[in-house]
Amino acid sequence: MTIPDHSFYERDTLQVAKDLLGCKLLRRYKDSVLEGVIVETEAYKANDPACHAYKGKTPRSATLFKNPGLSYVYLIYGMYHCVNIVTEPEEIAGAVLIRALEPLESLDNTNGPGKLCRELKITKELNEIDVTSSESNLWIEKYQSIKPAQIVETARIGIKQATDWPWRFYIKDNKFISKK
DNA sequence: GATAAGATGTTA
DNA sequence: AACATCTTATCA
């Protein structure tokens, strides 16, 4: 078991989004650990109209400009949270949205960004967590290696801007991908 | 099956 | 007013 360090995240967001497929997301909660395999991601970058940081730094999006390897958690539609991992060097905005997990360890279906956050008890309290340390309450470990041929690139889901950019990635034939 | 609408609150 | 969502209802 190895944990990707800051240099893993301090790269192009699209590359990180692909490389995160097959890694595990782990959440320490009340003395137990909830975990799942990342099977679907989306990339968000500074020059991307759909990115929260597109119009510059705001109180919410400031996290996206910080150190790669931090978590970025926000509330969407008033009732669900979404988790991202910050990418690119400091002061350059970028993040990878984790859209779906294949459940391990006592998780129910987590085939969507809102559902997986509810299952893993991820809330705004877990914003700006260092996911490169197993001391954190939220972190990422290497798990499976995914061959490039197993990665499918498609358009992102649930956004109104830049809907034709193929910045969504998932593991081919996996049963836990979020639906349209 | 498909499509529509409602819940809900933060953001800028 | 929009929103990186999900569930439930109402068709067929």
Reckon [X] has a side-chain N or O less than 4.0 Å from the OP1 or OP2 of [N]?
X        : N     : value
A/Arg99  : C/dT5 : yes
A/His52  : C/dA4 : yes
A/Lys115 : C/dT7 : yes

Atom-to-atom span, [atom1] of [X] to [atom2] of [N] - whole angstrom:
X        : N     : atom1 : atom2 : result
A/Ile76  : C/dA2 : CD1   : C1'   : 9 Å
A/Asn111 : C/dC6 : CG    : C1'   : 10 Å
A/Glu42  : C/dT5 : CD    : C1'   : 12 Å
A/Met79  : B/dG6 : CE    : P     : 13 Å
A/Lys179 : C/dC6 : NZ    : P     : 10 Å
A/Asn127 : C/dA4 : CG    : C1'   : 15 Å
A/Leu75  : C/dA2 : CG    : C1'   : 14 Å
A/Glu40  : C/dT5 : CD    : P     : 10 Å

What is the nucleic acid contact for [X], judged by heavy atoms within less than 4.0 Å: base, sugar-phosphate only, or nothing?
X        : result
A/Leu97  : base
A/Gly114 : sugar-phosphate
A/Lys55  : nothing
A/Arg156 : nothing

(request) Can you tell me the pairing partner of C/dA4 across any strand shown, Watson-Crick or G-U wobble, with both distances under 3.5 angstrom? (result)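 By the stated definition (distances under 3.5 Å), nothing pairs with C/dA4.
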
(request) Just name whichever nucleotide pairs with B/dT8, Watson-Crick or G-U, keeping both distances under 3.5 Å, else none. (result) none

(message) Quiz question: by atom type and distance under 3.5 Å, do the side chains of A/Glu88 and A/Thr13 form a donor-acceptor pair?
(response) yes

(message) Here's one to test your reading of the geometry: is the NZ or CZ of A/Arg60 within 45 degrees of the ring axis of A/Tyr74 and under 6.0 Å from its centre?
(response)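 Satisfied, under 6.0 Å and within 45°.
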
(message) Here's a test for you: under side-chain contact (heavy atoms from CB on, under 4.5 Å), which of A/Arg27, A/Lys24, A/Arg28 qualifies with A/Trp139?
(response)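 Testing each of A/Arg27, A/Lys24, A/Arg28 against A/Trp139, the sole residue satisfying side-chain contact (heavy atoms from CB on, under 4.5 Å) is A/Arg28.
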
(request) Select from A/Ala95 and A/Arg118 the residue whose nearest nucleotide in DNA chain C is closer to the 5' end of that strand. (result) A/Ala95

(message) Do the side chains of A/Asp19 and A/Arg11 get close enough for a salt bridge, i.e. N-O under 4.0 angstrom?
(response) yes

(request) May I ask you to say whether A/Arg168 pairs ionically with A/Glu40, meaning some side-chain N is under 4.0 Å from a carboxylate O? (result) yes

(message) Tell me if the side-chain of A/Tyr77 makes a donor-acceptor pair with the base of B/dA7, cut-off 3.5 Å, by modelled atom types.
(response) no

(message) By nearest atom, which of the nucleotides C/dC3, C/dA4, C/dT5 is closest to the A/Tyr80 side chain?
(response) C/dT5

